[in-house]
Structure formats: structure tokens, C-alpha cells
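Below: one structure, written as C-alpha cells.
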Amino acid sequence: MTASSSVFSCLNLLLIQSADFSRENMDSTIKLLADYGAAKTLIYKPGASSREIDKQEFLRKFPMDIHAIIACNIDFSFYRLAAFDFMIPVVTPSWVHSCVKNARLMRTTGFSPDKTHFMKDCYVYVSSQQFSAAEYELYTSMLTYMGGCCMDYLSTKVTHIITSDPKDQAVLVLKRFNKFEVLTVSSAWLAECFVRQEYVSEAAYLVGSEMSNEEVTALAEKDWKMNSGIWEWSFDILKGHQFYLSMNLLLKSQCYNFIIKLIETMGGRVVRYMDHAEFSIEEADCFLDITTSSGDYKSAKEKGLYCGNLNWLFYMLSMRKFIRPASKLLLSPAKPKIFNRKQLILTFTNYIGQQRYYIQRLVESLGGVSTTELSKKNTHLLSLFPHGKKHNTALKWQGCTVVNHLWLEKCYKLGEQVGLDSEQFSQIPVKGGMANSIGQLALEEEPSIVLTETEQMESQVPLSYKLENIPLKDLSVSGGNIAVDGLNEKPQSSPPPRAMEDNYDRLNTVGDKAQKLQEAEDMFSELEKVMSSGSSNRRKNSRTMTKTSTQTAPVVQQTLGRSETADTTLEEVHDKCSVPLTPSSGRKAKAKAAEKLHSDIESLNEFQKSSKRKTVANLLPEEVAVVKKHKSLEIEAQKILAHVDISKGSKGRQKLPYDIKAVCTSCHDDISELNLEILKQIGIVIHQDIKQDSNCIIAPKKARTAKFLKSFSFRPLKYALIPKFINDVLSIVHSGSGASVLLSLEEYHIPDMDLKVMQKTKIQGKLFERGGLKSVNLSDDIPGGAELISSILKAHGMVTVKSLPKKFQVEDIVKNENTDNSPDYVMIATKASVAKRFAKLCKATDKCAKILLIEWNWCVKAIFNLNVDYEDPEFVITSK
């Protein structure tokens with residue numbers, strides 16, 4: 001294959017069918033892609049629902065790598081997830097023709113169908129010498145949101161220079177190249193474009209060489225002030241969130257006011273402060289800073305606030321929802337650099353779109369240098385595919401190491417120069433498909449402890465209830481290079497290529513699906529009749545249940561070791577059920593479904609109400625869908641486990657291999673519903689929150705997270721396991737090798753977890769109850785917040801936890817009414833001045849009172865040892 005005919009070599013491309021993308025144009029585009037080396041092409045036809053799918057649904061639909069999406073508009077349910085979370089370039093079909101015409105992959109920036117990207121033809125160089133780090137981040141983030149290309153180096157492609165100095169060196173350099181058409185503008189031009197959400201003429205913002213610095217400054221300040229009155233758009237993305245803006249942002253007044261207005265326009269609010277000691281989670285839950293080195297950042301982190309950078313605001317605006325900053329590497333304040341400019345000189349190959357800019361930013365954050373060309377100065381090459389001119393050349397050079405993106409991301413996440421001897425950093429392409437694609441590594445796995453009231457309510461609703469299935473019947477996959485729309489066609493008789501079988505298991509035939517769907521209809525026919533009559537009495541505008549079609553397209557199977565797909569529509573759930581249900585047994589099916597729904601999905605409030613009634617006609621259609629979905633998962637899990645040795649546990653003790661009711665912290669937050677069901681069927685139940693029967697904690701290491709601390713209150717805490725245990729069990733299951741899933745748990749014990757301490761969880765009574773501590777007072781600035789600390793203490797037997805106001809009086813203090821040697825008054829404080837005031841008030845009330853003033857670490861130590869030791873002076877502020 002010649003270079004010109006391999007433009008799209010190794011690329012998997014997804015085409016979105018729409019009215020603007022006719023079938024004729026789609027066919028010609030597919031043929032062009034195939035002729036020029038595309039690995040796979042897929043067609044997706046959006047359904048009628050406008051609901052955006054979540055990340056798990058997306059990964060189930062597309063477990064393989066998708067390198068670009070071709071669409072004429074952004075009217076498909078996973079646009080924002082694909083374009084901004086996974087950084088998959090979304091381009092118009094003209095991009096394909098342009099690539100072919102130029103015999104190379106063109107920049108995707110200029111081909112976006114998103115109307116928000118009205119600056120997609122702009123290549124902008126922001127002069128970093130003229131602006132502070134915070135200003136630079138603000139301008140580049142704003143520009144990226146509007147679809148512009150941020151240039152971190154000078155080239156003849158540059159169309160604009162943003163500067164505050166008319167004699168900027170960047171301007172002079174480009175003039176030497178006779179690049180006079182470059183427009184030098186003030187930063188206010190960017191702000192004006194952003195606020196109006198349209199391309200604004202540069203005429204009023206040109207920075208002329210004859211202008212003085214004072215004139216440029218005056219021009220910028222005047223225009224930024226004017227911007228505050230023309231915001232005509234708004235979102236509720238930040239509704240319920242309050243922000244502290246770090247004193248270390250070093251922003252000019254116009255920039256500072258702009259950010260405040262932006263936050264307010266997104267539904268949030270800015271809280272002013274004079275000193276970080278004033279930080280309170282009750283006042284604000286978010287904090288913006290540029291680096292992690294400031295005292296303000298450290299205080300905000302200790303308080304459990306969401307700590308993000310300025311780019312975080314624009315990322316949430318792109319995603320149109322609130323995002324936890326630690327869920328991505330580069331949305332939080334910059335960590336200390338770990339390389340110098342000679343240790344990391346990195347170039348990259350085969351990456352396109354925003355992935356390139358992400359790599360440049362990541363390298364810069366690490367302290368290194370990124371280049372677009374490969375030379376012998378380069379120390380590393382980041383390669384997406386195991387081929388290409390750069391890749392092959394770098395392999396021949398001893399001084400340049402070829403790595404994948406995981407190495408670069410792990411270095412930043414861990415804050416250290418990670419060794420290259422691990423096989424995971426040399427695997428090209430990276431295994432795991434989209435789930436392990438670039439940009440998917442989180443800075444912190446554990447979600448922040450700060451939750452708004454709305455988030456707390458949402459977190460109690462199980463994922464299965466939140467999801468609304470999206471049809472997969474419109475997704476067709478090519479066997480080789482050309483995608484075939486199989487909506488009403490019979491499947492090809494020829495088997496798919498081996499490469500395709502590696503990514504998917506098989507294609508179901510229409511005949512098999514029709515038979516299974518008929519069986520499924522029989523199984524749920526009586527249940528649907530009962531549901532429809534009951535829901536009509538409770539909802540005047542109830543939704544009509546969609547009837548299952550007997551003719552559906554082949555569906556791609558997406559989980560290794562599975563014979564059928566779990567990601568199906570409500571209709572397709574039916575084909576997982578192989579046992580027909582006779583009409584006479586409809587009542588039993590209804591009772592069984594109700595029982596399962598009640599036990600497995602406890603947070604369905606509507607069902608909890610209806611389950612108290614004797615009639616079976618009270619389930620809503622949504623509840624029926626949940627029941628069907630769980631039945632499908634249950635049957636599919638059984639089929640997978642049929643090929644595995646499920647050896648029983650000790651005779652007489654249990655019916656399943658394991659008896660584990662686990663809570664995970666800092667791990668397994670993205671485990672699929674099918675895997676959860678598989679684990680459940682072998683005796684491993686994973687709860688999102690701590691339950692009364694919890695007996696296991698799963699975590700990478702001994703930690704101070706709320707879940708981990710509460711796990712010491714389990715009666716008993718039988719197991720403390722590392723995440724590898726779950727990974728190994730699932731690996732055995734999905735391998736289909738017939739190996740036993742019964743593993744030796746000793747090999748997976750969390751390091752530093754004392755088995756003797758775990759044995760104490762069997763002792764009658766809880767920790768603080770045994771230690772004579774029933775009541776405690778908290779200072780108003782307790783790290784993590786009073787609500788979280790209170791929940792931990794009460795889990796260990798504390799009865800009363802009183803959060804004292806900032807200016808507390810003696811009547812605010814709660815006494816520890818107890819006997820023995822326990823103190824009369826206890827306070828967990830962070831400041832000596834607060835502790836002194838507390839002791840003074842207590843002594844004024846009772847001169848003989850025993851007073852114990854401690855740090856939170858005293859409680860943590862007591863929990864880790866499951867022992868209250870009043871004689872231990874460590875972490876004691878004072879004891880009187």
C-alpha cells in the first residue's frame with residue numbers, strides 16, 4: 001500500500017447518519033475511507049430520544065478504539081462525551097476529502113460541525129511572556145472552547161497573536177518571515193467573541209506597533225468592562241455550587257471580574273475571603289487556583305473542596321454539566337514539575353485533534369518540552385500505532401524511547417518519573433480500547449467527599465434506574481473497510497475477519513433473534529398487562545411500553561468471554577430470556593420481579609411505596625424496565641458462569657464460593673452492571689454505600705477515606721482486600737478457561753492491615769462506646785466538614801456530635817455524660833486558640849471537669865487500632 005493510499009491506515013471511523021448526511025454521500029465517504037486504508041468503518045443512526053448517554057453506555061456501545069467521528073451536525077446523544085471527554089475529533093465529511101486531496105491527515109480543528117466552534121479557522125499564538133500563568137490559562141481555555149487552535153510555537157500558520165505589548169518578540173519574529181497578515185490583538189477580543197458567542201471583527205482590538213503600552217492596557221480594560229453587560233446566554237451547570245477564587249491567581253481586574261461573571265452565568269456564585277483560614281465547606285464547595293503550592297490550595301484540599309483550575313470552568317461548559325475536577329488529570333491546579341527540559345523532550349505521532357493539544361499541555365505540566373518534529377534531541381516518542389515513519393525511526397535510535405500515553409499520564413498522576421521497564425508502557429496500541437484511551441486516567445479515583453444536596457439525592461439512585469436504554473439496532477459494523485447498514489438486511493453469510501472477532505465476539509443472526517424475542521414476549525406478556533393497567537390509574541400521562549420488533553439488525557457483542565451482548569434496548573432485553581412463561585404463572589413472575597426489584601434496587605422510592613400495597617398493579621413502566629433489565633443481566637451472567645468452575649466454599653457454611661459484602665473506596669468505581677451481577681452470583685456483593693451486613697473493604701491501600709474508616713465498624717470486618725482480587729476473579733470468569741474462581745484471599749490482603757485489629761470488630765459494643773465517649777464537640781473548621789466527621793464517629797458508637805458555631809458560648813457545648821475515666825468535655829479542634837476558648841468556658845462551668853482537646857488524627861489513630869487510649873499523648877492538644 002502506497003503512502004497516498006494509506007492516509008487512514010489503522011483508523012476506526014464512526015459515521016453518524018442524519019438528514020444532512022444522505023445515504024448517497026455516506027456510501028461515497030465509506031468507499032473513500034476504505035480505498036485509503038481505513039481499518040474499520042461503523043454507522044450509527046441516532047434514535048428518537050434526545051437523552052445524552054453516560055460513559056458506561058458509551059463504552060458498552062464502543063469498546064473498540066474510535067479515532068474520529070464523521071457527522072454533519074452534533075445532534076447525537078454522545079457528542080459531548082465523545083468530543084470532550086474522550087477527545088475524539090468530530091468532523092464533517094469534507095475532512096475526509098481534504099485528507100485524500102492532501103495525501104495526509106489534516107488538522108481536525110477546522111472541520112468541526114459544532115456551531116460553538118466559530119473560531120475553528122483561527123490559529124492563535126498567546127504570548128506567554130506577556131501574561132501571568134493564570135491569564136495564559138484563561139485565554140487558551142477560552143480559545144479552545146470556541147474551537148480555535150492554540151499554537152505553543154510560532155509558524156506560518158499563525159493567524160492571530162494575543163499580546164499586551166505592541167513590540168512583542170513574537171510579532172517581530174513573524175514579520176521577519178514576511179507574515180504581515182497576522183493580526184495582533186488584545187485579549188479583550190477573545191472575551192468579546194466568547195461573551196457574544198460569535199466571531200467579532202478584530203478592527204477595534206488591533207494592537208498597532210505605534211501604540212504605547214498604556215494605550216494597549218487602557219483599550220483592554222475598557223472593552224472588558226463593556227463585556228459585563230452583554231451576556232445573553234446562561235446555563236445551570238453550576239447551580240448550587242459556590243466558589244472561592246485563590247488570591248494566587250494573579251489576574252488583572254478585568255479578568256477577575258470576567259471569571260466571576262462567567263461563574264454566575266453558569267449558575268454558580270463566588271464567595272469572597274480574606275484568609276484561607278476562613279474557608280468553610282458550608283460557605284463554598286469549589287476552589288479555583290493555578291498551582292498546588294499555595295497555602296490557599298492546601299487549606300481548600302483539607303476542607304474537602306473541589307479544587308480546579310480555570311480550564312475546569314470551560315471544560316464543564318463544553319460538557320454542559322458539573323464535572324469533578326479530579327476525574328481528569330489537567331482540570332486541577334498544576335502539580336510540581338518532575339522533569340527538566342533536557343530530561344523530557346517528547347514528540348508524538350498518529351494523534352489527531354485535541355489529543356495533540358492535551359499531550360502538549362501534559363508535557364508542559366511535567367516540566368518537559370514537546371515538539372512536532374522528530375529529531376535526535378528527542379528523548380521520547382508517544383505513538384498511538386506501532387508503525388509510521390516517526391515510530392520506525394525512533395526504534396532505531398538509542399536515545400529515544402517509544403512509549404504509549406499511559407506512561408506520560410502515570411508520571412503526572414503519581415508526581416514522579418515512572419520507570420519504563422513495565423510492559424504496560426510499551427504496549428502499542430494500549431490494550432482495553434476506549435476505556436484506556438488517552439485522557440481517561442483520573443487524577444484521583446476517590447470521588448470528593450463534598451456533595452451538594454442534589455448530588456446526595458442522585459447518588460442514592462442506582463445506575464440501572466438512571467439509565468434509559470438507547471437502541472443499538474441502528475449500529476452496523478463493516479466486516480472489513482466498508483460499513484453496511486443492516487437495518488433491514490439479512491446478515492452476510494461469510495464470517496467476519498479475525499481482526500473483527502478480536503474486538504467483538506460474533507454477530508447474531510436475524511432468525512435466532514426473532515425466535516428469542518418471541519420467547520421473551522411470552523415471558524413478560526402477563527407482567528406487561530398487569531403493569532399497564534396499574535400505571536394508568538397512577539399516571540394520566542404514562543408512557544406507552546414499546547413493543548418488541550421481531551426483525552432487528554445484528555448487534556455487536558462487546559464483552560470478552562460473552563456469547564451475547566448485555567447493552568441492548570428494552571426490546572432487545574427480551575432475547576436474553578430463553579424460558580417462556582405460561583399465562584397461568586404471570587402472578588408468580590410479577591411477585592418474583594417485585595421481590596427482586598425491592599431487594600436489589602432499594603432506592604426506587606416509587607416502588608417502595610407501591611410494594612407496601614397488596615395489589616400488583618402499582619408498578620410503573622419504568623420499574624418494569626428495571627426488572628426486565630436485571631433479569632437479562634442475571635441470565636447472561638449465568639451463561640458466562642456456566643463455563644467456569646464455581647467450586648463451593650466450606651461445606652455447611654455457604655452455598656456460594658464466597659460470602660463477601662464489600663464496599664470499595666478509591667477503586668472499581670466504573671465496574672459494569674454485568675460484572676456486578678457475575679460477582680453477585682458467586683457470592684461477592686459490592687455495595688455503593690455501607691450496608692448493615694457489610695463485611696469487607698476493598699481499597700488499594702490502608703487509607704483515611706470515610707468508607708475505609710467506617711469499615712472498622714463492620715460487625716465483623718472479615719476481609720480487607722486489594723482491587724486486584726476483583727480483577728483476577730473477573731479475569732478468570734471472562735477467560736472461559738474453566739478455572740476455579742475460588743482464590744486464596746490471603747494473597748490479596750491489604751498491606752498494613754493488622755489482622756489482630758480486624759479480630760476486634762467481633763467484640764461486643766463499638767469503639768467509642770467501649771471507651772466511654774458518647775458525646776464530642778467539633779470546631780467549625782474541622783477538615784472534611786462536620787457532617788462527614790459526624791457520620792464516621794457515629795459509625796463507631798458516638799451518640800452526640802455537636803458542631804460548634806464560630807463564636808460558640810458555653811450553652812453550645814455538649815457534655816460527655818459518662819462514668820469511669822472518660823473525660824467530661826471533649827473537643828476535636830484545629831486551632832490552639834479555639835481549644836483554649838473551649839477549655840476556659842468548660843472550666844467556668846465546672847472547675848473539676850475533665851477536659852480533653854484533641855486533633856482529628858487522634859480519632860483516626862483510635863479507629864485504626866480499635867482502641868481508645870487516654871494515656872497516649874500523641875495528637876492531644878491538651879488534657880486537663
Side-chain angles (χ1 to χ4, degrees), residues 1-47 58 61-62 64-84 86-123 146-149 199 318 350-356 384 434 474-487 489 553:
M1 182 180 289
T2 63
S4 60
S5 64
S6 60
V7 175
F8 305 108
S9 178
C10 290
L11 294 185
N12 298 334
L13 300 119
L14 177 65
L15 287 76
I16 307 297
Q17 189 171 331
S18 66
D20 299 329
F21 201 0
S22 67
R23 186 67 208 195
E24 182 180 355
N25 291 336
M26 184 172 284
D27 289 342
S28 64
T29 302
I30 290 172
K31 186 177 186 308
L32 200 59
L33 291 169
D35 291 343
Y36 284 84
K40 287 185 179 63
T41 53
L42 301 88
I43 295 176
Y44 181 83
K45 183 178 180 181
F58 181 83
K61 286 181 182 297
F62 309 108
M64 78 302 288
D65 286 314
I66 299 295
H67 301 108
I69 295 175
I70 303 170
C72 287
N73 55 55
I74 63 171
D75 299 330
F76 50 97
S77 59
F78 49 86
Y79 165 68
R80 299 194 181 280
L81 189 66
F84 306 116
F86 288 94
M87 294 184 289
I88 303 173
V90 180
V91 294
T92 58
S94 58
W95 175 76
V96 177
H97 297 277
S98 181
C99 293
V100 171
K101 179 181 177 180
N102 293 277
R104 63 185 179 86
L105 290 178
M106 301 297 291
R107 281 185 177 269
T108 59
T109 312
F111 297 90
S112 172
D114 193 336
K115 293 181 179 179
T116 306
H117 296 161
F118 51 83
M119 296 188 73
K120 60 186 179 183
D121 296 324
C122 298
Y123 292 78
M146 295 184 288
C149 181
Y199 194 96
S318 294
N350 300 315
Y351 291 95
I352 57 178
Q354 286 301 314
Q355 297 172 356
R356 298 169 64 89
L384 183 61
M434 290 305 302
D474 300 326
L475 175 65
S476 54
V477 184
S478 66
N481 292 317
I482 303 178
V484 179
D485 186 356
L487 294 179
E489 298 177 11

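One-based numbering along the sequence shown. Predicted, not measured: the structure shown is a model, and the values here were computed from it.
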How many angstroms lie between atom [atom1] of [X] and atom [atom2] of [Y], to the nearest 0.5 angstrom?
| X | Y | atom1 | atom2 | value |
| --- | --- | --- | --- | --- |
| D121 | T109 | CG | OG1 | 9.5 Å |
| C10 | H67 | SG | NE2 | 8.0 Å |
| I352 | C99 | CD1 | SG | 8.0 Å |
| T41 | L15 | OG1 | CG | 6.5 Å |
| I69 | Y44 | CD1 | OH | 11.0 Å |
| F58 | L81 | CZ | CG | 6.0 Å |

request  = Would you check, one step at a time, whether the test side-chain contact (heavy atoms from CB on, under 4.5 Å) holds for K40 with L13?
outcome  = CA-CA 6 Å; K40 287 185 179 63; L13 300 119; over 6 Å; no
Sidechain N-carboxylate O distance under 4.0 Å for K31, D27 = no
I want to check something: taking the side chain as every heavy atom from C-beta on, are [X] and [Y] in contact at a cut-off of under 4.5 Å?
| X | Y | value |
| --- | --- | --- |
| M146 | T116 | no |
| H97 | L32 | yes |
| R107 | Y123 | yes |
| V96 | K101 | no |

query = Does the ring center of F118 lie less than 6.0 Å from the ring center of Y199?
reply = no
key: Verdict with reasoning, L14 to F78, per side-chain contact (heavy atoms from CB on, under 4.5 Å)   = CA-CA 12 Å; L14 177 65; F78 49 86; 3.9 Å; yes
query = Minimum heavy-atom separation for N102 to S98, with atom names?
reply = ND2-O, 2.8 Å
Shortest non-hydrogen contact from I88 toward M434 = CD1-CE, 3.5 Å
Between the side chains of [X] and [Y], is a donor N or O closer than 3.5 angstrom to an acceptor N or O?
| X | Y | value |
| --- | --- | --- |
| S112 | D114 | no |
| N12 | D65 | no |
| S22 | N25 | yes |

key: Any donor-acceptor pair under 3.5 Å from R80 side chain to S318 backbone   = yes
request  = Look only at the side chain of Q355 and the backbone of M87, and say whether a donor-acceptor pair between them is shorter than 3.5 Å.
outcome  = yes
request  = Scan F111, F76, W95 and name whichever one has a side-chain contact (heavy atoms from CB on, under 4.5 Å) with V90.
outcome  = F76
inquiry  = My understanding is that only one of P46, P113, C72 makes a side-chain contact (heavy atoms from CB on, under 4.5 Å) with I16; could you say which?
reply    = P46
key: Candidate pair I70 and F21, rule side-chain contact (heavy atoms from CB on, under 4.5 Å), full reasoning   = CA-CA 10 Å; I70 303 170; F21 201 0; 4.1 Å; yes
inquiry  = Evaluate N73 against T92 for side-chain contact (heavy atoms from CB on, under 4.5 Å), listing each step before the verdict.
reply    = CA-CA 8 Å; N73 55 55; T92 58; over 6 Å; no
